[in-house]
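For the numbers below, each heavy atom of this structure counts, side chains included, while hydrogens, waters and symmetry mates do not.
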Amino acid sequence: MIVNGFAVPIPRPTNDELVMRPVARIAGEFAPKSVVASGTGLYLAQNMMYRHTISVLDHNKRLVKTIDDSVDLREFGFDASGDVYRGAPVEAAFTSDGSFAFVSNYRMYGPGYDPQAGSDNCGREQGQDSFVYRVDTTALAIDRVYQVGPVPKHLAVTPDDRLLVVSNWCGFDVTVIDLVTHETLAEIDVGRHPRGVAVTSDSRTAYVAVMGSTGVAAIDLSAFSPHNGSTTTGQPAPTYIRGVGITPRHLVLSPDDKTLYVTLNREHAVVAVDLDSGQVIRRARTGRAPRSMDISSDGTALYVVNYESNTMSKIRTGDFAILQEFDTTPRPIGITYDPFNNEVWVSTYSGTIHVYAERPE
């Protein structure tokens, strides 16, 4: 645009000004519990846990590879009596450049492992320690494993790519792993059934949804990544944001780290928490049992799947108005925002991935 003889950039519309349109429905030999975008045009779909596979798709919506979750733990330095162990993929998280992905396994299968260990209704330490797999996204193969607590669910890589934070559902704790030395630094007790994890952009604080409560734990990660580059061990005591709502499940942060968004599975609502005051400042009822969500890169739109309503909702973060809603195939469970194509991918237990594009009207 030319103004008074000078070229002036045309402002790009923000995501809350765009309109979502369905652009693809992907079906095949999978039943994805979660789908996560790398930001570089690659997507991992963790298939319903007992299929023992991870589906890799590209930005053209094509299946690139199906990764079997079988590993030989002895090859990775673990004392194991068998040569084949299988996992049960749940969630994934990528490094900032998309070169590696980390996949949590609900439980392990093989010699020495009880196939009934751990459950969604477990008490403290009911279950056996499990593993997180690292996937090399160039080779599309598992190249490292990390031992974590019983029934790991959600996980996050800190933006500086130094730490991996894993919530252990049946351990009532969080495992912190150094991705440089590959050492376990801490197992931090946070309370009954931790799940969603979100990390601030400076990599200094991790927020963890404690689903068996009404609160969110905050963990100071600076003990593990001090500015001098050394790593210290310890068990920093978490602090808590209380009274967020019943069964907080999934978390995302605003780009400026000032607002934490939380899905409340049992309250059938999504809330915004002001992190300065620790108070809920906005609330929206998107549908029954909102499970996972993601946020646009510009922070203006939230995308939420409603498991029991079989819908996906788009929310404007500024006022929590519900801008759009789409029907999905039954049991939508996972969702990811993809800045590569400005798209939203939704995975459903019924075996479908829905793709929606954000476009001008």
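- Note on ring orientation: taking the six-membered ring where Trp is involved, the planes of Y303 and Y337 are parallel (angle under 30°, cut-offs 30° and 60°).
- Considering L323, L302, D298, D319 as possible partners of D16, the one that fulfils the side-chain contact (heavy atoms from CB on, under 4.5 Å) test is L323.
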Step by step, work out the salt bridge (charged side-chain N to carboxylate O under 4.0 Å, His left out) result for R162 and D178.
CA-CA 6 Å; R162 184 175 180 86; D178 188 317; 3.5 Å; yes
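- Not one N or O on the side chain of Y146 forms a donor-acceptor pair closer than 3.5 Å with the backbone of R134.
- With hydrogens and angles ignored, the 3.5 Å screen pairs a side-chain donor or acceptor of H250 with a backbone N or O of M293.
- The ring of F131 has its center closer than 6.0 angstrom to the ring center of F78.
- Taking the side chain as every heavy atom from C-beta outward, V244 and T214 never approach each other to under 4.5 Å.
- Distance alone, capped at 3.5 Å, places no donor-acceptor pair between the T205 side chain and the T200 backbone.
- Nearest heavy-atom pair across A206 and V199 is CB-CG2, 4.2 Å.
- Side chain of S130 to backbone of N105: a donor-acceptor contact under 3.5 angstrom is found.
- The hydrophobic cluster containing V36 does not contain V157, counting ILVMFWY residues as joined when their side-chain heavy atoms lie under 4.5 angstrom apart, directly or transitively.
- Between the side chain of S167 and the backbone N or O of H154, at least one donor-acceptor pair lies under 3.5 Å.
- Residues V151 and M211 share a hydrophobic cluster, clusters being chains of Ile/Leu/Val/Met/Phe/Trp/Tyr side chains in contact below 4.5 Å.
- Between V304 and I335 there is no side-chain heavy-atom pair separated by less than 4.5 Å.
- With hydrophobic clusters built from ILVMFWY side chains whose heavy atoms lie under 4.5 angstrom apart, I142 does not share a cluster with V84.
- Nearest approach of T286 to E325, heavy atoms of both residues: O-OE1, 3.5 Å.
- A 4.5 Å side-chain heavy-atom check between R249 and T247 finds every atom pair outside the cut-off.
- When only modelled atom types and interatomic distance are considered, S104 and E91 share no side-chain donor-acceptor pair under 3.5 Å.
- No more than 12 heavy atoms of other residues, nucleotides or ligands lie within 6.0 Å of NZ in K258, so this atom counts as exposed by the packing criterion.
- The minimum heavy-atom distance between N341 and H59, with the atom names listed, is ND2-CB, 3.6 Å.
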Could you go through the side-chain contact (heavy atoms from CB on, under 4.5 Å) check for V344 and D294 one step at a time?
CA-CA 9 Å; V344 176; D294 209 346; over 6 Å; no
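- Residues V103 and L140 fall within the same hydrophobic cluster, defined by Ile, Leu, Val, Met, Phe, Trp and Tyr side chains chained together at heavy-atom separations under 4.5 Å.
- In this structure, V270 and T263 have side chains that are in contact, with non-hydrogen atoms separated by less than 4.5 Å.
- Side chain of S347 to backbone of G334: a donor-acceptor contact under 3.5 angstrom is found.
- Within 6.0 Å of CG on D79 lie no more than 12 heavy atoms contributed by other residues, nucleotides or ligands.
- For the pair Y133/F76, no side-chain contact is recorded, criterion being any heavy-atom separation below 4.5 Å from C-beta on.
- Nearest heavy atoms, T328 versus T311: OG1-N, 3.9 Å.
- By the 4.5 Å heavy-atom criterion applied to side chains, W345 and K61 are counted as neighbours.
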Show me the donor-acceptor pairs, under 3.5 Å and distance only, between side chains in residues 273-282 and residues at least two apart or in other chains.
| from | atom 1 | to | atom 2 | distance (Å) |
| --- | --- | --- | --- | --- |
| D274 | OD2 | D276 | N | 3.3 |
| D274 | OD2 | S277 | N | 2.8 |
| D274 | OD2 | S277 | OG | 2.9 |
| S277 | OG | Q279 | N | 3.2 |
| R282 | NE | T317 | O | 3.0 |
| R282 | NH2 | T317 | O | 3.3 |

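- A donor-acceptor contact shorter than 3.5 Å is absent between the side chain of T53 and the backbone of T66.
- Taking every heavy atom of both residues into account, P290 and N306 meet most closely at CB-OD1, 3.7 Å.
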Under 3.5 Å, sequence neighbours excluded: what are the donor-acceptor pairs made by side chains of residues 18-33?
| from | atom 1 | to | atom 2 | distance (Å) |
| --- | --- | --- | --- | --- |
| R21 | NH1 | P360 | O | 3.2 |
| K33 | NZ | Y349 | OH | 3.0 |

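- Using a 4.5 Å heavy-atom threshold, the side chains of D161 and L179 count as separate.
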Salt bridge (charged side-chain N to carboxylate O under 4.0 Å, His left out), that's the test. Do D120 and R195 meet it? Break it down for me.
CA-CA 11 Å; D120 282 356; R195 200 184 192 288; over 6 Å; no
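- In summary, D68 and R86 engage in a salt bridge, as defined by a charged side-chain N under 4.0 Å from a carboxylate O.
- Put simply, the side chain of D72 gets close to the backbone of R74: a donor and an acceptor are under 3.5 Å apart.
- Side-chain atoms of S201 and D257 include a donor-acceptor pair closer than 3.5 Å.
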Assess the residue pair M312 and H354 against the criterion (side-chain contact (heavy atoms from CB on, under 4.5 Å)); give the C-alpha distance rounded to whole Å, side-chain angles, the decisive distance to 0.1 Å, and a yes or no.
CA-CA 10 Å; M312 185 274 284; H354 300 264; over 6 Å; no
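- Side-chain atoms of L164 and V148, non-hydrogen and from C-beta on, never get closer than 4.5 Å to each other.
- Between the side chains of T348 and T329, at least one donor N or O sits under 3.5 Å from an acceptor N or O.
- Side-chain atoms of S203 come within 3.5 Å of backbone atoms of D160 as a donor-acceptor pair (strictly under, hydrogens ignored).
- Summarising the geometry of Y356 relative to D327, their closest heavy-atom pair is OH-O, 3.9 Å, with the distance given to 0.1 Å.
- When atom types are taken as modelled, the side chain of H193 and the backbone of C122 share a donor-acceptor pair closer than 3.5 angstrom.
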